[in-house]
Number of protein chains: 2
Amino acid sequence: MPGSIKEIARIANVSRGTVDRALNGRPGVNKEVAKRVKEIAKSMGYKPNVVAKALATHRKPTIIGVVINSEGNPFFDDVLAGINAAKDEIFDFGVNVVVKRMKGYDPTQQLDLIRSLAEEGLDALAITPVSDSLIRDELNSLVADGVKVVCFNLDLAGVHYIAYVGCDYFKSGETLGGMIGFVTGGKALLGVIACTNNLEGHRKRIEGCRSVLKREYPESRIVDIIEAEDNDEIAYEKTMKMLLEHQEMNALCFNAGGTSGGLRAVRELGLENKFKIFTFDMTPVVIDSIKKGIVQSTICQQPFEQGYQSIKILFDALMNNHLPEVDHIYTELNVKIRYNI
Amino acid sequence: MPGSIKEIARIANVSRGTVDRALNGRPGVNKEVAKRVKEIAKSMGYKPNVVAKALATHRKPTIIGVVINSEGNPFFDDVLAGINAAKDEIFDFGVNVVVKRMKGYDPTQQLDLIRSLAEEGLDALAITPVSDSLIRDELNSLVADGVKVVCFNLDLAGVHYIAYVGCDYFKSGETLGGMIGFVTGGKALLGVIACTNNLEGHRKRIEGCRSVLKREYPESRIVDIIEAEDNDEIAYEKTMKMLLEHQEMNALCFNAGGTSGGLRAVRELGLENKFKIFTFDMTPVVIDSIKKGIVQSTICQQPFEQGYQSIKILFDALMNNHLPEVDHIYTELNVKIRYNI
DNA sequence: ATGAAAGCGCTAACAT
DNA sequence: ATGTTAGCGCTTTCAT
């Protein structure tokens, strides 16, 4: 049973109100008294009871806003599940989580969503930030107003956030390189279906893969890279074209969305069992293709955790004034094959 | 703002005490009244506030006991970390987690630990059960006394637990088989360093591996299996002997402990780079060996989650009377290679 | 600057 | 069987 505010008050010979003010840095308390109270608290190893704190603060609910590029991208379903799990856990602490979903990567649209959240008043924000200075500046202005910010899944340089929660993209690319080496016996002539070259993370992913192939599997190389912009139609067209142009290819990698469209092209050319195919994440089409043996492996980045941790970190910052030790929290990268999916 | 007990009391024209009794199935309340109260609660979608509930119950602390075979097995360090993380989270809810560690798999020793916990009084128990009817019966007698039980990492048939939290051992073996196929090009002549044939889980692991090799990689087979009993000295001796006896072998798999000793034998015979080597879990020696390229892959079972979830499930059962939907909660199996470790 | 007191939603001891 | 009341540990008015 750790000491309570009441006990400190008794020892310090002040009222509980004063102890509360002193310990929480609230105004209107004598410096000397504050110091004494803090010392007593420290000496007895006092830890505030978060449950009691939450109950007392319950009157005016705290709000955590979320802006997420989830529309039309099944990857984010698990991220949202994580967000909702955290939401349920902290609801009774008087914290409300408000989610705004968006489609695609338009900065002005994202800006609108941030502002609409800000207008209704918010204490913290979790966001998958679009790479644009508009967003960066808006987030920093929120931070200046005392709003706690976490970026998740996508990092954005220059934002004064509490933390980035997501994968290490370079490492995810290296892991891909390693699996390609294993599966092809080091002899991969690889076609890459990428997202768009505008996203730094996705560029790094390709670099990671390239570096491993070059260093460890010199008989392998990336033959061609196309940009499918997470769009199945584009992926279909461009994959088809790429496969026809590069008859020497024997492996494909889907770095982001468009897997469904790209695989259709492979199927129509009768290459399903001739190619070694690799993907990222665990969307329904990926699961299905792995089970059928069409896709050899996929690399996951703990989407549920990305959502869950983002909210829990903000909660911890709001309620307990506790910040994570590092500001880059990398979720695990996990390889899934046919048998552990 | 969901309704409160106070509001229900007002609508039902009874006191808050009666509402509390009715909603929690406590004795001493008229059937008719109880029914009416429940209906009102339901109609307004009432959810009890767990924070307030915890604070009110705070006076007599709840106790969750833990019995874990962790001594001398670094695998369990992460499991313990998960247990402690959960412990910190629920401490302010007035729930105390008391951990008893033990070494090895002696049923009578485990029985003593369970009983010593029971004597001090406990509301729930998380345990890595030794496969013995002594343990099974003792756990069931606790269950009969109203103690909630979760088994983690090891399953034990016949125990009326809330849940088993751990990996699917057969699947873990299949995953091993899949990775062996990838890395060796389907041509593995495998030596297995197992734990002991007495543990059902570890038997299933071997069966899973064998089934995949047989079905998918007919040029592969298990040449020999030795039992190292999680002991490095035994592992060293037996691995050495096995390697000398089976010159045709080209791959090794460490299914449990003893990795350090076994690898020493491999090193001394100068086979480190000639063999493809596979392990389970992520102990320091495994991490080191993977980074050096000596071990090709390891298969992890989310040890942290096993500890964390076990405690959280018991907490949820105790505080919110909420049971998991399924009684087998399988943690993810994840493949780690050099680049995503 | 400090103290006193009310109250967050619930439980539990005590009355009736 | 039901109502009343005190209190869990903390925050937040309202006095002083």
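Keep in mind it's a predicted model, so treat the numbers as computed, not measured.
Between the side chain of A:Asn73 and the main chain of A:Phe76, no donor-acceptor pair closer than 3.5 Å is present.
Taking every side-chain heavy atom of A:Val33 into account, C:dT2 is the closest of D:dC10, C:dT2, C:dC10. Distances were taken from every side-chain heavy atom of B:Lys6 (C-beta onward) to each of D:dG3, D:dC10, C:dC8; the shortest belongs to C:dC8. Picking from C:dC10, C:dT11, D:dG9 the nucleotide with the shortest atom distance to the side chain of B:Arg26 gives C:dT11. When each of D:dT2, C:dT2, C:dC10 is scored by its nearest atom to the side-chain atoms of A:Arg21, the top-ranked nucleotide is C:dT2. Nearest to the side-chain atoms of A:Pro48 among the listed nucleotides D:dT2, C:dT11, D:dC10 stands D:dC10.
We find that CZ of A:Arg36 is positioned 12 Å from C1' of C:dT2, with the value rounded to whole Å. Here the C1' atom of nucleotide C:dC14 and the CZ atom of B:Arg16 are 15 Å apart, to the nearest Å. Summarising the geometry, the separation between CG on A:Asn49 and C1' on C:dC8 is reported as 13 Å, rounded to the nearest angstrom. Between B:Leu23 atom CG and C:dG9 atom P the separation is 16 Å, expressed in whole Å. Rounded to whole angstrom, the span from the CD atom of A:Glu7 across to the C1' atom of D:dC8 amounts to 15 Å. As rounded to whole Å, 13 Å separates atom C1' of C:dC10 from atom CZ of B:Phe93. In this structure, A:Ile5 atom CD1 and C:dA4 atom P are separated by 15 Å, rounded to whole Å. The distance between atom CG of B:Asp92 and atom C1' of D:dG9, rounded to the nearest whole Å, is 10 Å.
Along DNA chain C, the nucleotide nearest to A:Leu55 and the one nearest to A:Asn13 differ in position, and the one closer to the 5' end is contacted by A:Asn13. Along DNA chain C, the nucleotide nearest A:Ala54 and the nucleotide nearest B:Lys53 are compared for position; the residue whose nucleotide lies closer to the 5' end is A:Ala54. The 5' end of DNA chain D is approached more closely, in terms of each residue's nearest nucleotide, by B:Pro27 than by the other of B:Ala52 and B:Pro27.
In the displayed structure, B:Glu325 atom CD is contacted under 6.0 Å by at most 12 heavy atoms of other residues, nucleotides or ligands.
Note on A:Val51: nothing from the nucleic acid sits closer than 4.0 angstrom, heavy atoms only. Backbone-only contact: A:Asn24 has heavy atoms under 4.0 Å from sugar-phosphate atoms and none from a base.
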Name each donor-acceptor pair under 3.5 Å that joins a side chain in residues 22-38 of chain B to protein atoms two or more places apart or in another chain, with its distance.
residue : atom : partner : partner atom : Å
B:Asn24 : ND2  : B:Asp20 : O            : 2.8
B:Asn24 : ND2  : B:Asp20 : OD1          : 2.9
B:Arg26 : NE   : B:Asp20 : OD2          : 3.3
B:Arg26 : NH2  : B:Asp20 : OD1          : 3.0
B:Arg26 : NH2  : B:Asp20 : OD2          : 3.2
B:Asn30 : OD1  : B:Glu32 : N            : 2.7
B:Asn30 : OD1  : B:Val33 : N            : 3.4
B:Arg36 : NH1  : B:Ala12 : O            : 2.8

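B:Leu134 CG to B:Gln110 CD: the interatomic distance, rounded to the nearest 0.5 Å, is 10.0 Å.
No option in A:Asn69, A:Ile68, A:Val66 other than A:Ile68 meets the side chain to side chain contact (heavy atoms under 4.5 Å, CB included) test with A:Arg101.
If you check the side chains of A:Tyr308 and A:Lys312, you find a donor sitting under 3.5 Å from an acceptor. A donor-acceptor contact closer than 3.5 angstrom links the side chains of A:Thr331 and A:Gln306.
Using a 4.0 Å cut-off, no side-chain N or O of A:Ser4 falls inside it from OP1 or OP2 of D:dG9. Regarding contacts with the backbone of D:dT4, every side-chain N or O of B:Ser15 stays at 4.0 angstrom or more from both OP1 and OP2. In this model, the phosphate group of D:dC10 is approached by a side-chain N or O of A:Tyr46 to a distance below 4.0 Å at OP1 or OP2.
Ring planes of B:Tyr164 and B:His328: tilted class, angle from 30 to 60°.
Terminal axes of the helix from C:dA1-D:dT16 to C:dT16-D:dA1 (five pairs each, C1' rotation axis) are separated by 50°, to the nearest 10°.
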